[in-house]
Amino acid sequence: MAGFPILSAILALPLLGAAACLLTGAAAARWIALLTTLATLALSIGLWVTYDVGGAQWQFVESNGQLFGAFDWALGIDGIALMLIVLTAFLMPICIAASWTSIADRVQEYMAAFLLMETLMLGVFMAQDIFLFYIFFEAGLIPMYLIIGIWGGRERIYAAYKFFLYTLLGSVLMLVAMLWMVNHAGTTFIPALMVTDFPPQAQTWLWLAFFASFAVKMPMWPVHTWLPDAHVQAPTAGSVILAGVLLKMGGYGFVRFSLPMFPEASAQLIWIVFGLSMVAVVYTSLVALVQQDMKKLIAYSSVAHMAFVTIGLFAFNRQGVEGGLIVMLSHGLVSGALFLCVGVVYDRLHTRDIDRYGGLANNMPAYSLLFMVFTMAAVALPGTSGFVGEFLALVGAYEANSWVAAVATTGIILGAGYMLWLYWRVSFGTARTAEAARLPDLSRRELAMLAPIAAAVFWMGVYPESFLAPMRKDVTLLLARVERAAPEGDARLALGTPRPAAEAHEPEGAHH
Amino acid sequence: MAHDFLLILPEEIISIGALVLMMAAAWAGDRSAPILTWLAVLTLVAAAFFLPGLSDSGGSAFGGLFVADRFAAFAKIVIFAAAAVSLLMAMSWFGRDKDYRAEYPVLILFATLGMAIMVSASDLLTLYIGLELLSLASYVLASFQRTDTRSAEAGLKYFVLGALASGILLYGISLVYGFTGTTLFGGIAESIQAQNAGEEGLGKGTLFGLVFVFAGLAFKISAVPFHMWTPDVYEGAPTPVAAFFASAPKVAAMALLVRVAVEAAGPATDAWRQIVIFMALASVVLGGVAAIGQRNVKRLLAYSSINNVGFALVGLAAGTPQGVASVLFYLAVYTVMTLGAFLVVLRMLGADGQPVESIASLSGLARSRPGLAAAMAIFMFSLAGIPPLFGFWPKWIVFNAAVAADLTWLAAVAIATSVISAFYYIMIVKVMYMDEPAPAYAATREPVGSGLILASALFVSPLGYLAIPLLDRATLAAAGALF
């Protein structure tokens, strides 16, 4: 394997598939897309298997000198990037399968756009050059804009514009910050920048510029408003990619840039992160509670869940950071699966209105079972992936600030509220419409989409060590980097000097 | 003296070529127009081949009135290429109505000659001669379709406002001459330096002169607030002429402005920087906002050019060699993107073969002409500066220069306004990809045009990034000639 540019190969594969899709007919394009994404998944699993846990920080490194003059085609991954790459590659074949019959129009372009999207998303996690990262990060806007705008729902144009301009506005300031950093540090190499100490005065501005971008991408309250529109209007597979991977880029950005590059500013501005996250957990959970549209409900729940990520990542301790990372992975699986579940019934009834369903457990038992698994994972039931992540994140948050932990925990309760209520209204009781009572159960294709995600959810819930192990060393390095700035937690147990009760008593007794 | 004539060899080739072609046009008539066009392209190729300053560092001629350095050489390459493309795209476009006339290549050649003199001018009067030669040819080109009232109107409007601009420029030149005692760029710089060293600082008269010179040149690059003529002229002028106006003269005027700012007014950088910053920000904002409401694709591209000039000016505001190099880089890539977009606009023909210019007619182009729509989408995303398209990189390089010159705030404001312009670029993509199809355009067979579209689309695709090292070296060498 040594010497073979496997990361470049993984990036090139979907690109070639995209080109091939454009040159063939609709049926062939579907198969090409599926096979390409499966091959990419196989290569990514190969990465995971050959990844040396606890070995070098950056593995599979590629560099080409200064191929593009001012920046470089530098690739390399650490454990955190590895897990996100596997997540992306895992979700892509499922997305293609989800679009198998529901997309009948301009199939070749659709498949090409998805494969292009895959390359760009994987590139974000692989890039080791700050401008290469930016290019991949921004380029994803183009295919996603087309996916939402061409194959989306009724309000798709508005949603596509909003998605594009919102995220673009967030990102451009980050570019200026990157330019400043590169001019200051004299390198575009991310690992080198991660150990550069920027002057604390400048860190604040740089941190804010990066925050503008990642907070929009994440999304954090109050810049989350593009998300419900984009999620609701995007085709099912587009929602899966948005929720499963695109949102993770924000969290990845915090771990890769904000925390290690600006530790002082991160500590100083922690109140922004905690404040916004606390509002997001409570407010968007309440908003989710009153939604009539299934996709919108899950979209708002995404905002609430991503707040757990930010709370965990900025807790400045191991539990918090690892918890935040696991929430990212878990949410990628669970919210993707929930959108797929919505897509399954939408394909049958062509409505996302919760009131049109009901009693699906009667005629769709397999569907209801899987939907319940994902609902339970979303409310963080122990044994599912959601529990591991949110529990760790909250433990970390409690160590940092007990108020934040207390407020965030209400999100778990509210989350249980809106998710269980949704499940109850959709699956239990009797069907509210005659059509809903006649819906057929999952087809084999749909079962093949949802079952692997359910398996992964349980795997992560029962044995999270498989996912934590590759990331552990990187979390250690991150914590070592931010340690000097870590703010004092309010839950530090102090080693007191207890008065030995018996001794104190005896002299009194002797006095008598 | 012989050396002087060697340094102006490209200009001589173009002058003689233009004169010969004019005689040929007079005797052979309009039937010879296609052949003359190809000959004109050949003339430009020959001129580019003999450019001084490419492999050597060039030199100065006629006692410092004219300079053929690397900076001029780089600008001339871009100008000649843009002029050649404008020639090639005109043939089939005019030919359709059998109203292509043999004067067209001749006029383009004279305009190119004017531009070559402009970018090589190192004296205010040489500058003026080059500028007027370009302008006079341009006025005629704008009204080339004399039977079309819009074309005639465009020519007249261009002439009146161009004359005003020339007046302002001349007024500035006379003030500068009066207060510095010379029209040579080098001499002006020395005089400003002496004034700076004196107790009074930079003289009011010199400053006024510089302001007028900058204003006159701002007309030519159509920077806000001197941009009003641009949309009207682009809309009225025949499409290949509008494409020409949006590319080569922009490069020439911008290069000229850079040379005046750095070579003549270099010691007064602090004085002109605020003018340039104002023009840059006003251009990016107005070029973005005003374009949103446009219904005509040529007017939209006109505002797009105003917008892009604003970004290029951000690089000039830096005032460093890096900044000058970034302006040249920006102009080179901008020229390709704009010509590519205009090449697509040339294909917008109604069922009767007549040109259509409404943005609405692009509806659903992705279904009727997927290749053409994909090319246009590439140009639009690229003009918007969205990576991974190559249009991102000139913006990067301009902002990088601004940040390196401690103008981080300017870069931040300018980049934030780029989101405004992104709106109308992605609107075109939306119309082409997401709207219901409008009647399809008439089919055409233009191998040359298709080849040019393909070439420019490939250049602004991510493949263009491979050209960065080459362009970086060339632009930095060119910028080094000014400092």
Side-chain angles (χ1 to χ4, degrees), chain A residues 15 22 65-71 73 105-106 108-109 112-113 116 119-120 123 131-142 145-146 148-152 156-158 160-161 164-184 202 205-206 209 212, chain B residues 322 329 366-367 370-371 373-374 377-378 380-381 384-389 392-393 395-420 422-423 425-427 429-435 462 464-473 476:
Chain A
L15 218 50
L22 286 176
Q66 298 281 302
L67 180 62
F68 302 118
F71 75 110
W73 180 260
D105 199 21
R106 297 159 89 176
Q108 300 95 315
E109 295 168 35
L116 175 63
T119 294
L120 299 174
F131 293 119
L132 191 63
F133 169 86
Y134 184 83
I135 288 172
F136 280 126
F137 190 81
E138 283 288 279
L141 295 183
I142 296 177
Y145 171 72
L146 295 175
I148 298 176
I150 300 179
W151 295 280
R156 61 185 198 278
I157 308 278
Y158 171 75
Y161 273 140
F164 192 99
L165 296 174
Y166 227 101
T167 26
L168 182 65
L169 183 62
S171 304
V172 288
L173 290 176
M174 180 171 78
L175 180 64
V176 177
M178 285 178 172
L179 291 170
W180 193 92
M181 287 161 65
V182 169
N183 272 304
H184 177 85
W205 292 103
L206 298 174
Chain B
Q322 198 189 353
F329 197 114
R367 285 167 193 251
I378 286 179
M380 288 298 120
F381 279 125
I386 309 291
L389 296 163
F392 164 66
W393 202 250
K395 288 210 167 70
W396 182 93
I397 218 159
V398 161
F399 295 136
N400 192 32
V403 170
D406 271 339
L407 287 170
T408 308
W409 70 271
L410 177 64
V413 174
I415 200 169
T417 61
S418 77
V419 178
I420 306 175
F423 176 72
Y425 291 126
I426 67 169
M427 181 189 73
V429 176
K430 173 225 138 195
V431 170
M432 290 189 304
Y433 277 84
M434 302 172 198
D435 286 357
Y465 283 83
L466 295 171
I468 291 177
L470 179 75
L471 274 172
D472 263 347
R473 263 201 310 280
L476 280 171

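In the text below, chain A, chain B and the rest are named by the order of the sequence lines, each starting its count at 1. Below, each value reflects all heavy atoms present in this structure, side chains not excepted, and no hydrogens, waters or symmetry copies.
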Pair up each side-chain donor or acceptor in residues 399-410 of chain B with any protein partner under 3.5 Å, not counting sequence neighbours, and list the distances.
residue	atom	partner	partner atom	Å
Asn400(B)	OD1	Asn183(A)	ND2	3.1

Portion of Phe392(B) that has a non-hydrogen atom of chain A nearer than 4.5 angstrom
side chain
Turns out that what part of Phe131(A) lies under 4.5 Å from chain B's heavy atoms comes down to side chain
Interface residue of largest heavy-atom contact number with chain B, from Tyr161(A), Phe137(A), Trp180(A), Tyr134(A), under 4.5 Å
Tyr161(A)
Residue part contacting chain B, namely of Ile135(A), when any heavy atom lies under 4.5 Å:
both
Side chain of Trp151(A), backbone of Asp105(A): donor and acceptor closer than 3.5 Å?
yes
Side chain to side chain, Leu168(A) and Val172(A), heavy atoms closer than 4.5 Å
yes
Given a strict heavy-atom distance threshold of 4.5 Å, which part of Leu22(A) is in contact with chain B: side chain, backbone, both, or neither?
neither
According to the interplanar angle, ranging from 0 to 90°, do the rings of Phe381(B) and Tyr145(A) count as parallel (below 30°), tilted (30 to 60°) or perpendicular (above 60°)?
perpendicular
Heavy-atom pairs under 4.5 Å with chain A - which of Lys395(B), Arg473(B), Met434(B), Arg367(B) has more of them than the others?
Met434(B)
Based on non-hydrogen pairs under 4.5 Å, which of Leu120(A), Leu173(A), Ile142(A) is most in contact with chain B?
Ile142(A)
For Phe329(B) and Trp396(B), I'd like to know if the aromatic rings sit close, meaning centre-to-centre distance below 6.0 Å.
no
Would you say the side chain of Tyr425(B) lies within less than 4.5 Å of the side chain of Ser418(B), judging by non-hydrogen atoms?
no
Which residue out of Val429(B), Ile468(B), Leu389(B), Val419(B) racks up the most heavy-atom pairs below 4.5 Å with chain A?
Val419(B)
